[in-house]
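Report on the following structure.
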Amino acid sequence: FTSLAGSVYLLKEPDRFPLSCAGATVEQFEEAKSRMSSLKQDPGNDVKLKIYALFKQSTLGPCTTPRPGMLDFINKAKWDAWKALGETPQEDARQQYCDLIGSLVSAEGGSVAAKPSGSASAQYETLLVTTEDKITTIKLNRPAKKNAITTVMYDEIVTALEQAGKDNSVLTVFTGAGDFYCSGNDLTNFTKIPDGGVELMAKQAGELLRKYVKAYIDFPKPLVAVVNGPAVGISVTALGLFDLVYATERATFHTPFSQLGQSAEGCSSYTFPKIMGNAKASEMLLFNKKLTAAQACDFGLVTEVFPDSSFNSEVWTRLKSYAALPPNSLALSKQLIRSTERERLHAVNDAEVELLVERWTSDECFTAIMNFFQSKAKL
């Protein structure tokens with residue numbers, strides 16, 4: 001894919017831009033293009049294909065060119081990525097392009113041009129947190145790592161939720177930068193053994209997880225997940241604690257706990273059977289079944305599924321209308337619904353953490369994780 005990387009970074013296309021674009025100005029779009037050359041790390045082929053496709057959609061509109069031959073692998077991959085955007089409006093593609101480049105630059109510690117409206121919160125290393133139109137958005141911002149959650153990100157999400165619970169926003173939204181919503185735990189978390197050994201690592205990780213899930217249980221405002229791509233592990237189990245879950249049609253939901261010698265978390269041992277029934281919950285939590293977006297919606301885990309081509313425009317139009325509702329009524333109603341189960345959820349969280357700490361110190365879990373890393377190394 002060397003030539004693909006080169007073509008993505010050069011992107012020498014005709015200048016065919018309108019005078020303005022929704023959300024991102026022409027100047028910001030041009031700035032995003034120039035920032036491509038400042039990236040120090042290779043974001044990976046999947047992300048580069050997305051960048052290429054968004055650029056083509058932004059400047060030329062939907063793909064109408066003939067499909068390359070089957071043996072022209074590179075151009076076929078680029079064509080498929082562009083074609084997958086369907087009828088996504090050019091203004092939406094421009095905004096997504098700016099957001100993606102901004103996420104990559106920010107993830108490397110660079111500065112990102114401010115959006116024309118809205119306010120940004122305190123600086124985060126692994127998140128992009130903004131408040132606009134009475135909506136606080138917490139965006140997981142490690143697109144090159146498929147938004148895998150590090151220990152730093154766990155702490156930052158807890159802080160972001162605490163701030164969002166106290167700010168003037170009406171709704172809080174979670175989403176991911178790039179093509180993934182979240183790929184779950186960054187398994188390198190398990191390779192950083194402190195001086196106190198595996199037992200201390202497991203204990204510290206357990207307390208961090210307990211605090212993380214508690215932040216969702218106690219969150220006082222409506223909480224919405226905008227699942228923009230595949231979701232794995234803790235990012236799936238925590239969805240049972242959200243008030244709304246909107247997903248693109250290409251999202252998937254996977255909880256491979258037993259495969260990694262681990263057990264359920266995020267209160268899913270309670271919320272999943274309640275949402276989808278014991279049999280379907282067991283298929284996911286015990287036997288690692290991956291759900292499509294349509295299946296997750298049928299099971300009740302997802303509120304509604306949207307076409308990928310119109311996902312952002314449809315979802316955000318709806319969320320802005322929700323944010324115009326009386327804020328105190330929404331918050332108090334949310335708290336009333338949660339009050340009947342808050343103590344139960346905290347008890348479930350404690351029990352899940354206790355079991356996971358035991359799992360993390362077991363030979364079975366260690367072997368499963370080592371096997372995972374070995375299988376990745378062979379790819």
Side-chain angles (χ1 to χ4, degrees), residues 18 21-24 29 46-67 76-101 103 132-133 135 137 139-140 143 146-147 171 173-183 222-232 235-236 239 242-254 275-276 289-323:
C21 54
F29 185 68
D46 288 344
V47 175
K48 289 187 287 192
L49 282 169
K50 185 70 171 180
I51 293 170
Y52 171 84
L54 287 171
F55 184 90
K56 298 288 281 188
Q57 192 85 0
S58 298
T59 56
L60 302 177
C63 178
T64 58
T65 61
R67 186 177 189 178
K76 182 176 177 297
K78 292 159 64 177
W79 187 92
D80 287 342
W82 183 12
K83 192 71 173 179
L85 293 178
E87 297 299 319
T88 300
Q90 287 181 266
E91 58 269 23
D92 286 359
R94 292 186 188 101
Q95 183 61 65
Q96 291 179 47
Y97 180 90
C98 291
D99 288 345
L100 180 52
I101 301 303
S103 296
E132 187 173 355
D133 297 321
I135 301 171
T137 302
K139 179 179 287 188
L140 309 182
K146 300 178 180 177
N147 298 321
L171 307 175
V173 172
F174 264 82
T175 192
D179 281 348
F180 259 70
Y181 177 66
C182 176
S183 58
L223 192 59
V224 182
V226 175
V227 184
N228 58 299
V232 180
S235 69
V236 177
L239 293 177
F242 281 70
D243 301 295
L244 292 174
V245 179
Y246 292 143
T248 174
E249 62 189 351
R250 64 179 183 81
T252 55
F253 301 83
H254 193 202
I275 290 169
M276 63 184 75
K289 181 179 176 64
K290 182 190 291 187
L291 300 184
T292 64
Q295 288 172 323
C297 190
D298 289 342
F299 292 174
L301 184 62
V302 168
T303 309
E304 189 171 345
V305 178
F306 297 82
D308 194 55
S309 61
S310 60
F311 178 59
N312 281 315
S313 59
E314 288 193 59
V315 167
W316 284 98
T317 297
R318 190 174 300 187
L319 292 179
K320 288 175 184 178
S321 70
Y322 293 162

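The structure displayed is predicted, hence computed values, not measured ones. Along the sequence shown, residues are numbered consecutively beginning with 1.
Although no hydrogens or angles enter the test, the distance criterion places no donor-acceptor pair under 3.5 Å between the side chain of Asp243 and the main chain of Val224. Counting only distance, with no hydrogens or angles, the side chain of Trp79 and the backbone of Cys63 share no donor-acceptor pair below 3.5 Å. Distance alone, capped at 3.5 Å, is enough to place a donor-acceptor pair between the Ser183 side chain and the Lys146 backbone.
Across all their heavy atoms, Asp92 and Ser313 have their closest contact at OD2-CB, 3.3 Å. Residue Ala93 comes nearest to Thr88 through the heavy atom pair N-CG2, 4.1 Å, listed as atom of the first residue, atom of the second, then distance.
None of Lys78, Lys76, Lys83 except one satisfies the side chain to side chain donor-acceptor pair (under 3.5 Å) rule with Asp80; the exception is Lys76.
Thr175 is linked by a side chain to side chain donor-acceptor pair (under 3.5 Å) to Asn228, counting only residues two or more places apart in sequence or in another chain. Under the salt bridge (Lys or Arg N to Asp or Glu O under 4.0 Å) criterion, Lys50 pairs with Asp179, sequence neighbours left out. Lys290 meets the side chain to side chain donor-acceptor pair (under 3.5 Å) test with no other residue; sequence neighbours excluded. Residues that satisfy the side chain to side chain contact (heavy atoms under 4.5 Å, CB included) test with Ala53, not counting sequence neighbours, are Ala81, Trp82, Leu85. Scored by the side chain to side chain contact (heavy atoms under 4.5 Å, CB included) test, Pro62 finds Gln57, Glu87 as partners (sequence neighbours excluded). Among residues two or more places apart in sequence or in another chain, the salt bridge (Lys or Arg N to Asp or Glu O under 4.0 Å) test is passed with Lys320 by Asp133. Scanning for side chain to side chain donor-acceptor pair (under 3.5 Å) contacts around Trp316 gives an empty result, with sequence neighbours left out. The ring-ring contact (aromatic ring centres under 6.0 Å, His included) check on Phe306 picks up Tyr246, with sequence neighbours excluded. Residues forming a salt bridge (Lys or Arg N to Asp or Glu O under 4.0 Å) with Asp298 (at least two apart in sequence, or on another chain): none. Considering only residues two or more places apart in sequence or on other chains, Glu304 meets the side chain to side chain donor-acceptor pair (under 3.5 Å) condition with Arg318. Looking at residues two or more places apart in sequence or on another chain, you find a side chain to side chain contact (heavy atoms under 4.5 Å, CB included) between Cys297 and Val302, Val305.
Rounding to the nearest 0.5 Å places CD of Glu249 at 8.0 Å from OG of Ser310. The structure places CZ of Phe55 at 13.5 Å from CG of Leu100, a figure rounded to the nearest 0.5 Å. With rounding to the nearest 0.5 Å, the separation of OG1 in Thr248 from CG in Asp308 is 3.5 Å. Note that the CG atom of Leu291 and the CZ atom of Phe299 stand 5.5 Å from one another [nearest 0.5 Å]. The CG atom of Leu49 sits 11.0 Å away from the CG atom of Leu54 when rounded to the nearest 0.5 Å.
In this model, a donor atom of one side chain and an acceptor atom of the other lie less than 3.5 Å apart for Gln95 and Asp99.
Here the side chains of Leu301 and Met276 are in contact, with some heavy-atom distance below 4.5 Å. Taking the side chain as every heavy atom from C-beta outward, Val227 and Phe242 never approach each other to under 4.5 Å. Side-chain atoms of Ser235 and Tyr181, non-hydrogen and from C-beta on, do get closer than 4.5 Å to each other. Considering only heavy atoms from C-beta on, Asp46 stays 4.5 Å or farther from Phe180 through its side chain.
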